[in-house]
Amino acid sequence: MLAAALAVTAAGCGSDEPAASADEKATLSYAVWDKNQVPVMEELAAAFTKDHPNITINVQLTPWADYWTKLRAAVTGGAAPDVFWMNGPNIQLYADNGVIMPLADKVAEAKLDLSVYPKALVDLYTFEGKIYGLPKDMDTVGVWYNKELFDAAGVKHPADNWTWDDFKAAAAKLTNPAKGVYAVGANIAGQEYFYNTIYQAGGNVISADGKKSGYDDPATIEGLRFWTDLIKNKQSPDLKTMTDTHPIQLFESGKLAMYWGGSWNVTEFGNNEYTKTRVDAAPLPIGAKQATIIHGLANVVSAKTKYPAQAWEFVKFLGSKPAAEILGKKGPIPAYTGTQDAWLAANAKFKGKVFIDAVGYAVPYPVSRNTAAWNDEEFKQLTKAYTGEVAVDVAAKELAAQMNALLAKE
């Protein structure tokens, strides 16, 4: 339904007015979803306007819970923001339906070097050979751990080269039913949890060409079993508990010894009274191989903007080294290689380098043309495995069949 709506939109909501020239005055709308980043986005907008006084940027916040619904309505009504944030799961859908502007020609004309961004992110925002968004930031996943709980249980803090076996041994010692403490929360979430262990086990979520599910691969199933075993062994709360109280809340109240989370958690854990002095970050444990999911947002230009030249100038600036250096001081890890020192300095209380070093063995976030459809199927089928309703291999094979049927329709 979403793809159909976007297709209709792309065909039917263009403006009849001629596009403005680059030197014409313009006010651009810039849609974002993270309130914590609004101040630095406004700082970036002001820095851009200082060098481009004819272009004003209006930063528009829509919280994540409503962002895609509002964006779809805006696109359908012909009032899409001129520039907006895009993520991996949605890029192909919006690119395939002509909602966002391909940037390949503009990148070539400007002689931009895309190798300054992690290749995995450039690939993520490339569709049918064309780049559609310039990477803004990046994130990888690590294990946040409670130093006090590790010390109390007599467990060594995670080493940089710790393994699945090390993790499982630690999980057994860190679980303390008498105190209501679990080792970790085995939540059903791809980016922070099971995608990582799938690739660590040598499996895959989706084939490189985006046409076949990897959920019936034995290695993929082992990556899922990593989590279902934690619940079965009562080293993780059950799904009902984690539905009532999210794992991050359990971690922030000392009820979880470990939390699989991203580099984006530095702000949350740095500001939280309980975690800011008690936790630190470690790399993900190594399975058959070392892997973490890499993701990051990109800035894209509406295909129907009245100000394509100005919008491109703004996106080009947002993807530049000066913009990345501003972002790193107050926001997430900038995607521009070599500009991460400011982020490390701003978050020096934690081992932030763990997340930057992880880029070297990172795996791109798995996506296709209509990622959301099989994401829904993931949750539906894996819930049965995590609750013990069906065996994990049965759930995974059913998921593969359903996902393959959805991919065939793309």
Do [X] and [Y] make the cut of ring centroids closer than 6.0 angstrom?
| X | Y | result |
| --- | --- | --- |
| Trp227 | Tyr193 | yes |
| Tyr30 | Phe84 | no |
| Tyr132 | Tyr125 | no |
| Tyr145 | Trp260 | no |
| Tyr274 | Phe251 | no |
| Trp144 | Phe350 | yes |

Do [X] and [Y] pair up side chain to side chain, a donor and an acceptor below 3.5 Å, judged on atom types alone?
| X | Y | value |
| --- | --- | --- |
| Trp374 | Ser368 | yes |
| Lys136 | Gln37 | yes |
| Asn87 | Tyr67 | no |

Do the charged groups of [X] and [Y] touch, with an N to O distance under 4.0 Å?
| X | Y | value |
| --- | --- | --- |
| Asp123 | Lys119 | yes |
| Glu268 | Lys276 | no |
| Asp357 | Lys353 | yes |
| Lys240 | Asp244 | yes |
| Lys316 | Glu313 | yes |
| Lys397 | Asp216 | no |
| Asp229 | Lys232 | yes |

task: Look only at the side chain of Thr56 and the backbone of Thr27, and say whether a donor-acceptor pair between them is shorter than 3.5 Å.
output: no
field: Side-chain donor/acceptor of Asn347 to backbone N/O of Trp343, under 3.5 Å
entry: yes
query: Should the pair Phe226 and Trp164 be assigned to parallel (<30°), tilted (30 to 60°) or perpendicular (>60°) ring geometry?
result: tilted
- line: Here the gap from Leu256 atom CG to Leu250 atom CG, rounded to the nearest 0.5 Å, amounts to 4.5 Å
- request: Return the minimal non-hydrogen interatomic distance between Tyr361 and Pro283, and the atom names on each side.
  value: OH-CB, 3.8 Å
message: If we check side-chain contact (heavy atoms from CB on, under 4.5 Å) with Val300, which of these qualifies: Leu134, Ile100, Val99?
response: Ile100
